[in-house]
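From a predicted model like this one, the values you see are computed outputs, not experimental measurements. Remember, it's 1-based here, ligands and their atoms both numbered in the order they're listed.
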Amino acid sequence: METFGCQMNEYDSELVRSLLKTQGFGFTDQSDHADVILLNTCAIRENAHNRVYGHLGKLKYHKKERGVVIGVLGCMAQNLKKELLESQPFIDVLVGPDGYRQLPNLLTKAMETQTRGLSVDLSEYETYEQILPERVGGVNAWIAVMRGCDNFCTFCVVPYTRGRERSRDPKGILEEAQGLAKRGYRQITLLGQNVNSFQFEQYDFAKLVTAVADIPGIERVRFMSPHPKDFPPALLDVVAQHPHVASQIHLPLQSGNDRVLDAMGRNYSQADYRRLVDDIRRRGDIPLTTDIICGFCGESDAEYRDTYQLIEEMGYQAAYVFKYSERKNTIAAKKFPDDVPEAIKKERVAELIDLQKSISLQKNRELIGQTVNVLIEGDAKKSSQQWMGHTESNITVVWDKSLQASHPGEFLPVLIEDVSASTLFGRPVQSLPFP
Ligand code: SAH
Ligand code: SF4
Ligand code: F3S
């Protein structure tokens, strides 16, 4: 199984593994040995589609040579449905994010009787309660606490691929989190397309975050991805004050211009967003990150400049900047022409990435000489001779393993000595020689 897209898709792949294993399926990393190849797909932007199509092209070979069963799961399966089955005749099984309980059955039928199978009905209730995702182990565990999205931002395909918002019963969530703490997980990230609109009867998100953070053994709680419209004071207080909730907020801005925000259907103005940031910063030094879309329908140069200025002013720790990509069937695709030329979209994206890079570098430089508390997660990407972990505010930190015997899951104070725009480099302070 290969997974594309966001963390929710990664989580769903863990669910699918667990569902299939209980039905007697096993897993291999080598596609040459597999009887079934599954792709869990993403539909958020055109390049996500293209990556999946590229991959499907490669799978044709396995189909031809060995007759493997090919299954396409996730958001692209949901969004394109029959169109995908028709255009890609070698796909055997197509299952959307709410249909995974059907998957074992559909795969068995495809293997035994070469029947093509489809499960793309969205559900108002499916939360995969009682199915424990098969986690690969480690330090951080993800828990999906709600699924779907009712916001219908006009550019976004997610409300169509993942359906209506529904929250899980907090009882099940807390039991799962307690089990994870017992198995040694130190960090939990609560997941949802619109995570802070979690609401189960009278039980709201601030309460849920607090309850998870209160579990003995859970040292850090994070959440992804919140929407600026759902930040009541109680939630801001928890983030600012609870010792086991990471003091950091991802606050997707999308645009700094009111006309564009309105056309995007974001339900806040530039002033509302600033007010929220003021409310956050009044509570302390809480680093923010954001998402930005460049070149949305009709975005003029002056409107784009508003975004540029707001980014300059906000001082984000990091910003994820995307080129607007029209998605079929969304409100924007129906209502507005995708009229900003590709070259201008690219120029704006590049300029904002540069701007944010200089801001991130500046912020990271301020950390040189400071000691940060890092949760060790595993090997650094570039070298197995180095450890990698994150600060409370979710900045990557890297240091040489030889400096101190440590293991993943441990918290370590690290003195920062050097930085780039995305990474801090340092050494554990316990290893400081006595003066
Ligand atoms: N529910 C989350 C995440 C949505 S997808 C949220 O609202 O923050 C992550 C990001 O992808 C979005 O914040 C947005 O910046 C970007 N995105 C979504 N649809 C897009 C599109 N059609 N074109 C370009 N970027 C898009
Ligand atoms: Fe998409 Fe908006 Fe929902 Fe986020 S909140 S998933 S951007 S519709
Ligand atoms: Fe992609 Fe679906 Fe996630 S569209 S970003 S996999 S919710």
| Of the backbone atoms (N, CA, C, O) and the side-chain heavy atoms from C-beta on, which set of Cys153 has a member under 4.0 Å from an atom of ligand 2: side chain, backbone, both, or neither? | both
| Pro159 and ligand 2 - part of the residue with a heavy-atom distance under 4.0 Å | side chain
| task | Report, as yes or no, whether the 6.0 Å neighbourhood of atom NZ on Lys64 holds more than 12 heavy atoms from other residues, nucleotides or ligands. | result | no
Please determine, by modelled atom types, if [X] and [Y] share a side-chain donor-acceptor pair under 3.5 angstrom.
X: Glu165; Y: Asn194; answer: yes
X: His242; Y: Asp214; answer: yes
X: His250; Y: Thr289; answer: yes
X: Arg305; Y: Gln309; answer: no
X: Glu126; Y: Tyr100; answer: no

| request: Work out whether the distance between some heavy atom of Gln254 and some atom of ligand 2 is less than 4.0 Å. | output: no
| Identified side-chain hydrogen bond (donor to acceptor under 3.5 Å, both in side chains) counterpart of Asp98 within the set Arg162, Arg166, Gln78 | Arg166
Give the atoms of ligand 2, by number and element, whose distance to some non-hydrogen atom of [X] is under 4.0 Å.
X: His227; value: 5 (S)
X: Phe155; value: 7 (S)
X: Phe152; value: 8 (S)
X: Arg266; value: 2 (Fe), 7 (S)

| atom 7 (S) of ligand 3: which of Arg327, Met8, Arg162 has the nearest heavy atom? | Arg162
| request: Just go through Cys149, Cys6, Pro228, Gly265 and tell me whose heavy atom is the nearest to atom 3 (Fe) of ligand 2. | output: Cys149
| field | NZ or CZ of Arg168 within 45° of Phe200 ring axis and under 6.0 Å | value | no
| said: Any N/O/S atom, side chain or main chain, of Cys42 closer to atom 1 (Fe) of ligand 3 than 2.8 Å? | reply: yes
To check your reading of the model: name the closest protein heavy atom to [atom], its residue, and the distance in Å.
atom: atom 4 (Fe) of ligand 2; value: Gln193 O, 4.2 Å
atom: atom 1 (Fe) of ligand 2; value: Cys156 SG, 2.3 Å
atom: atom 5 (S) of ligand 2; value: Asn151 ND2, 3.2 Å

